[in-house]
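Written below as structure tokens is the structure these notes are about.
None of the values given here were measured: they were computed from a predicted structure. Sequence lines set the chain letters: A, B, ... in the order given, protein chains first and strands last, and positions in each chain run from 1.
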Amino acid sequence: MKILFPLIAVIVLVLVALAGVDGAHLQTLFGIYIPYAALAVFLVGIVLRVIGWARSPVPFRIPTTCGQQKTLPWIKADNLESPHNTLGVIGRMALEVFFFRSLFRNLKADYDENRTGNELTYGSAKWLWAAGLAFHWSFLFIFLRHLRFFSEPIFFFVPFLETMDGLLQIGVPRLFMTDLVILAAVTFLFARRIVSPQVRYISLPADFFPLFLILAIALSGIFMRYITKVDIVSVKAFTMSLVSFNPTLPKGIGSVFYVHIFLVSTLFAYFPFSKLVHMAGVFLSPTRNLANNSRAKRHINPWNPDVKVHTYAEYEDEFRDVMKAAGLPLEKE
Amino acid sequence: MYDAGKIIIGLIVFLGFATFPIWHDGGKAVSAPEPEITAYAKKIGHCVEPEKWMRANHMQLLDHWRDAAVREDKRVYVSSTGEEYDISLQNTCLRCHSNKEKFCDRCHQFAGVHELYCWDCHLESKEMKKWAATDESF
Ligand code: HEM
């Protein structure tokens, strides 16, 4: 059920777009209003999310570390694994964002009585890391390549990406490798959630929905590029008219295009409310973005109440005479 | 809000990138390029296949032509309207569309079809004309 429900939801989305465009001729709705609204929800949603996070105090340094902290000068400190300054934090964050460094340490726990007796064993498990990396990088490539529809003259880096992506020069139009990679990676990420019983148990509809949605987006795009062609020149004239807030619908563009942008709009609108906000969240996770400098710098909890304390020195001052008379030892005569 | 300075800078960077196309192109009115049809092609009056179909599918037609010529040694294409064409990028397409810069390239530049590597081997009309002027057998 938790797999079927999101799958049906994505199929319904596709059908809604098809019915809306082919049946009800709501091109204006699906081509103009929904994309604009989705983009607005995306931008405002992300900003509100980030502000919400920023309002939560993080009074203590809670970075997860796995290296030598900076201490004495003759003990070699590991500034990436246990950053002690901003440079270290930036370095660690960059490796995290670009290469998912902490996921690289992902282990799989196994319990096999026949092999290791009554013991839990841990083994290397790099597949999730590899598939995650492949998925995110190909998504980024595809996203950046799409900027050819949103710039005129086209941004300088797009030709380079297209050349690299189409390097194999298979077929006409050139096969983009990232198209295959994203399909393979999403399929793996989906399979991982159903093959392993533990992972399947903890997976929710909210885990499957984004996978199906992104798969449907990629498939509709691939369909459009390699199978049912659309007139790209008209598409670009349309996207550029969106960019300049003077939207003019293209004539005679196949409904696949509307399906594609309706699914993309759904993804954008869904983004701030779902686990996908990890895109912004990774930058605000205190286990990553804080320097491990608690020993070098004092961090005071901002909401510490003003506690009335009565120190021993004060206590002694107060009762000095009595204590002296009783013959008790004093710190200060 | 804690760390307001960093958060606000981060958000400005995010919004700046996310809306960059608007800053870059927002004010401009961009219209689709008009591929120029040569006088020769105009006289004939139609393309190999209907124009609307060609706009979206010409690359697949070329792929089909290439496979037909190179793999199956089929050199004649029968169009959907029953006309026969020699399968040749240089001698058929570019005979009518001999203005490659003002036709193919104009669209491709706009649509971001970069480095169309076909011309690494196939000749453009200008080069063909030069060649034809010096080579009797052509
Ligand atoms: C999250 C955003 C998006 C994703 C993941 C995505 C994914 C894809 C993929 C995988 C393809 C196959 C071809 C290629 O890789 O270039 C594609 C093609 C396409 N996409 Fe998207 N897309 C996105 C957003 C958009 C948007 C916003 C538009 C326009 C309004 C758009 C319009 C198109 C068009 C016209 C094609 C066909 C390109 C061609 O024929 O060469 N896409 N998309």
Side-chain angles (χ1 to χ4, degrees), chain A residues 39 42-43 46-47 50-59 145-155 158-163 166 169 171-174 226-246 248 250 252-254 279-280 283-284 289 302, chain B residues 1-35 50-67 89 104 106-118 120-121:
Chain A
L39 186 68
F42 174 73
L43 294 178
I46 296 272
V47 168
V50 168
I51 290 176
W53 288 322
R55 291 164 76 102
S56 323
V58 184
R145 276 201 285 97
H146 271 68
L147 291 178
R148 72 180 161 127
F149 296 126
F150 297 94
S151 56
E152 181 60 38
I154 294 174
F155 293 140
V158 175
F160 174 72
L161 293 180
E162 281 181 1
T163 307
Q169 299 186 341
V172 178
R174 265 167 303 173
Y226 305 103
I227 301 166
T228 53
K229 307 293 300 174
V230 294
D231 175 3
I232 298 294
V233 171
S234 307
V235 166
K236 176 154 182 190
F238 165 62
T239 50
M240 289 311 292
S241 77
L242 285 179
V243 168
S244 51
F245 293 109
N246 182 22
T248 341
I253 291 292
M279 179 185 88
F283 295 99
L284 274 90
N289 68 7
Chain B
M1 195 157 71
Y2 298 89
D3 280 326
K6 285 182 201 154
I7 297 284
I8 288 169
I9 292 175
L11 284 178
I12 289 174
V13 169
F14 164 69
L15 289 176
F17 270 114
T19 55
F20 190 66
I22 298 174
W23 311 126
H24 187 260
D25 294 299
K28 278 187 273 185
V30 178
S31 53
E34 298 277 327
E51 183 194 6
K52 216 173 139 243
W53 189 89
M54 285 304 285
R55 272 177 84 92
N57 294 281
H58 61 275
M59 51 311 254
Q60 290 191 325
L61 179 70
L62 285 172
D63 201 24
H64 177 71
W65 276 22
R66 178 168 67 177
D67 287 355
L89 175 58
C104 316
R106 220 178 242 184
C107 267
H108 290 165
Q109 210 167 21
F110 182 71
V113 181
H114 298 288
E115 294 180 41
L116 201 55
Y117 60 94
C118 316
D120 293 355
C121 302

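Comparing A:Arg174, A:Met240, A:Glu152, A:Glu162 by heavy-atom pairs within less than 4.5 Å of chain B, the highest count is held by A:Glu152. Among A:Asp231, A:Val230, A:Leu242, A:Thr163, the residue making the largest number of heavy-atom pairs under 4.5 Å with chain B is A:Asp231. Of the residues considered (A:Leu39, A:Asn246, A:Val50, A:Leu147), A:Val50 shows the highest number of contacts with chain B, using heavy-atom pairs under 4.5 Å. Chain B forms more heavy-atom pairs under 4.5 Å with one residue of A:Phe155, A:Phe42, A:Trp53 than with any other, namely A:Phe155. Contact count versus chain B (heavy atoms, under 4.5 Å) is highest, among A:Pro57, A:Ser241, A:Gly254, A:Ser151, for A:Pro57.
Listed here is the closest heavy atom pair of A:Pro250 and A:Ser234: CB-O, 3.9 Å. Annotation for A:Val243 and A:Phe150: closest pair CG2-CD2, 3.6 Å, computed over non-hydrogen atoms. B:Pro33 and A:Val233 make their closest contact through CD-CG1, 3.9 Å (heavy atoms, listed as atom of the first residue, atom of the second, distance). Heavy-atom minimum distance, B:Phe110 versus A:Lys236: O-NZ, 2.9 Å. Nearest approach of B:Gln109 to A:Ile154, heavy atoms of both residues: O-CD1, 3.6 Å.
Take A:Ala237 and apply the side chain to side chain contact (heavy atoms under 4.5 Å, CB included) test, not counting sequence neighbours, and it matches B:Ala32.
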Under the side chain to side chain contact (heavy atoms under 4.5 Å, CB included) rule, what do B:Phe14 and A:Ile46 come out as? Steps first, then yes or no, please.
CA-CA 9 Å; B:Phe14 164 69; A:Ile46 296 272; 3.6 Å; yes
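Applying a 4.5 Å heavy-atom cutoff, the residues of residues 2-10 of chain B that approach chain A are B:Tyr2, B:Ile7.
The closest donor-acceptor contact from the side chain of B:Asp63 to the backbone of B:Met59 lies at 3.5 Å or more, if one exists at all. In this structure, the side chain of A:Arg148 engages the main chain of B:Ala111 through a donor-acceptor pair within 3.5 Å.
For A:Thr228, no part lies under 4.5 angstrom from a heavy atom of chain B. Only the backbone of A:Ile227 comes within less than 4.5 Å of a heavy atom of chain B; no side-chain atom from C-beta onward does.
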